[in-house]
Every structure is written in C-alpha cells, then in structure tokens.
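What follows is a short report on a single structure.
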Amino acid sequence: MTHDKTTLRPITDADWDGIMAIQAQCYGALGPESLEVMQSKWHSSPGSCFVMELQGELLGYCLAHPWQHDTPPPLYQTLPPLERHGKLYLHDMAFSAHARGKGLGKQALAKLTQQARAWQLNALALVAVLGADSYWQKQGFSAIPSPKPLDSYGPDALYMTRPL
C-alpha cells in the first residue's frame with residue numbers, strides 16, 4: 001500500500017489560476033485581492049512563497065515575505081522587493097476543501113519557520129481573519145495591538161506574532 005505525499009514546492013506561473021480559485025473560495029467574504037497584488041507578494045519574496053499539491057492537484061498556497069514594521073502591510077496593494085530583516089509576514093495561507101485533515105497548515109508553518117530562521121528573522125507575523133485567531137493561538141501566535149486600524153482585513157482581524 002502506498003501513502004500519498006503532499007508536495008510543497010515553489011510557485012510557478014502555471015499555478016496562478018488555481019491560487020486565485022482557492023483565494024476566492026476562502027476569502028470571498030473579504031473580497032479577493034487582484035492577481036497583480038497577489039503576484040507582487042510572490043515577486044517580492046519568491047523563496048518564502050509556495051504551493052501544496054497532491055498527485056498534481058493544487059491543494060493550497062502560501063504567500064509570505066519579510067516585513068520590518070510593527071503593523072501589517074495593507075491589503076489590496078502591491079509590494080516592492082523587500083530586504084530580509086525583521087519578521088516573516090504570512091500574508092496568506094489558504095487551502096481548498098480537499099485539503100482538510102491532511103495537516104497541510106502545520107507543514108506550511110514548519111517550512112515558513114525554517115525559512116525565517118535561515119534568513120535570521122526574529123519572528124513570524126500575520127493577521128488572523130474570519131475567526132482564525134484560535135487556530136493561530138494553538139500554533140504559538142499571540143495577538144498584539146496594531147498601531148493602525150485593520151479595517152480592510154475585516155471586523156474580527158487580529159495582528160499576531162510568534163517569536164523565533
């Protein structure tokens with residue numbers, strides 16, 4: 001009996017239709033970001049952006065990039081290339097319905113943690129949306145006050161960090 005193994009691999013141009021479809025499934029309530037904005041995250045830090053697939057099916061994606069500020073970057077805006085210092089900001093990690101129960105979130109978080117340490121960053125950061133803060137707390141993240149409003153992220157958004 002063979003066990004199916006999920007692959008975490010770098011994003012390619014061919015992945016974007018699948019990434020945008022998963023984003024629409026997961027974040028329809030917030031209003032999806034444009035392809036240009038999503039790709040700017042990838043272009044600013046391709047080494048910390050990846051997809052997860054099983055037998056050729058795209059199950060999820062992760063867009064993360066270095067960030068030195070104590071507030072999250074704004075939604076719906078493109079990013080320039082960034083220097084590697086400060087935190088690794090997890091802009092977006094989303095999964096298709098077929099990914100449930102496969103442990104992909106923990107695999108992705110382990111990969112991000114490894115990358116952040118390799119780049120000598122001091123923390124992971126994210127904005128928890130749509131009630132995901134309890135999941136992130138279980139992963140070791142703590143909510144911290146954001147000096148600027150998080151209105152574009154939705155009414156229950158929380159800025160969270162996890163030291164490395």
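We use all heavy atoms of the structure for the numbers below, so side chains are in, but hydrogens, waters and symmetry mates are not.
Counting only heavy atoms from C-beta outward, the side chains of His98 and Glu57 approach each other to under 4.5 Å. By the 4.5 Å heavy-atom criterion applied to side chains, Val127 and Trp136 are not counted as neighbours. Looking only at side-chain heavy atoms (C-beta outward), Met20 and Pro32 stay at 4.5 Å or farther from each other. The shortest side-chain heavy-atom distance between Tyr27 and Asp92 falls under the 4.5 Å cut-off. Using a 4.5 Å heavy-atom threshold, the side chains of Pro46 and Pro10 count as separate. A 4.5 Å side-chain heavy-atom check between Leu63 and Ile11 finds at least one atom pair inside the cut-off. For the pair Val51/Tyr61, a side-chain contact is recorded, criterion being any heavy-atom separation below 4.5 Å from C-beta on. Counting only heavy atoms from C-beta outward, the side chains of Tyr153 and Ser146 never approach each other to under 4.5 Å.
If you take CZ on Phe141 and CG on Leu124, they are separated by 4.5 Å, rounding to the nearest 0.5 Å. Atom-to-atom distance recorded for Lys148:NZ and Thr71:OG1 is 4.5 Å, nearest 0.5 angstrom. In this structure, NZ in Lys41 is found 5.0 Å from CD in Glu33, a value given to the nearest 0.5 Å. Here CD of Gln137 is found 4.5 Å from CE of Met160. Values are rounded to the nearest 0.5 Å. Tyr76 OH to Met38 CE: the interatomic distance, rounded to the nearest 0.5 Å, is 11.0 Å. Between atom OG1 of residue Thr6 and atom CG of residue Leu104 there is a gap of 5.0 Å, rounded to the nearest 0.5 Å.
Ring geometry for Trp16 against Trp42 counts as tilted: the plane angle lies between 30° and 60°, on a 0 to 90° scale. Aromatic ring orientation, Tyr89 versus His91: tilted (interplanar angle from 30° to 60°).
Taking every heavy atom of both residues into account, Gln25 and Ala97 meet most closely at OE1-N, 4.0 Å. Minimum interatomic distance between Pro73 and Leu79 (heavy atoms only, all atoms of both residues): CB-CD2, 4.4 Å. Taking both residues in full, the closest heavy atoms of Leu88 and Leu112 are given as CD2-O, 3.5 Å, listed atom of the first, atom of the second, then distance. Closest non-hydrogen pair, Gly140 versus Arg162, comes out as O-CG, 3.2 Å. Summarising the geometry of Ser44 relative to His65, their closest heavy-atom pair is OG-CB, 3.9 Å, with the distance given to 0.1 Å. Nearest approach of Ser45 to Ser48, heavy atoms of both residues: OG-OG, 2.6 Å.
Put simply, the side chain of Arg117 never gets that close to the backbone of Leu164: no donor and acceptor are under 3.5 Å apart. A side-chain donor-acceptor contact under 3.5 Å links Asp156 to the backbone of Gly131. In this structure, Lys87 contributes its side chain and Pro163 its backbone to no donor-acceptor pair below 3.5 Å. A donor-acceptor pair is defined here as one N or O able to donate and one able to accept, closer than 3.5 Å; no such pair exists between the side chain of Thr78 and the backbone of Ser40.
Enclosure of atom NE2 in His43 by more than 12 non-hydrogen atoms of other residues, nucleotides or ligands within 6.0 angstrom is indicated. Around CZ of Arg100, the count of heavy atoms belonging to other residues, nucleotides or ligands within 6.0 Å does not exceed 12.
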### Query
Given Ser96 and Leu58, is the side-chain contact (heavy atoms from CB on, under 4.5 Å) satisfied, shown in steps?
CA-CA 8 Å; Ser96 74; Leu58 192 68; over 6 Å; no
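Neither Val37 nor Leu35 shares a network with the other; the hydrophobic side chains, linked directly or stepwise wherever heavy atoms of I, L, V, M, F, W or Y lie under 4.5 Å apart, form separate groups for each.
Legend: residues meeting side-chain hydrogen bond (donor to acceptor under 3.5 Å, both in side chains) with Gln39, ordered by chain and number and at least two apart, are absent. Thr12 meets the side-chain hydrogen bond (donor to acceptor under 3.5 Å, both in side chains) test with Asp15; sequence neighbours excluded.
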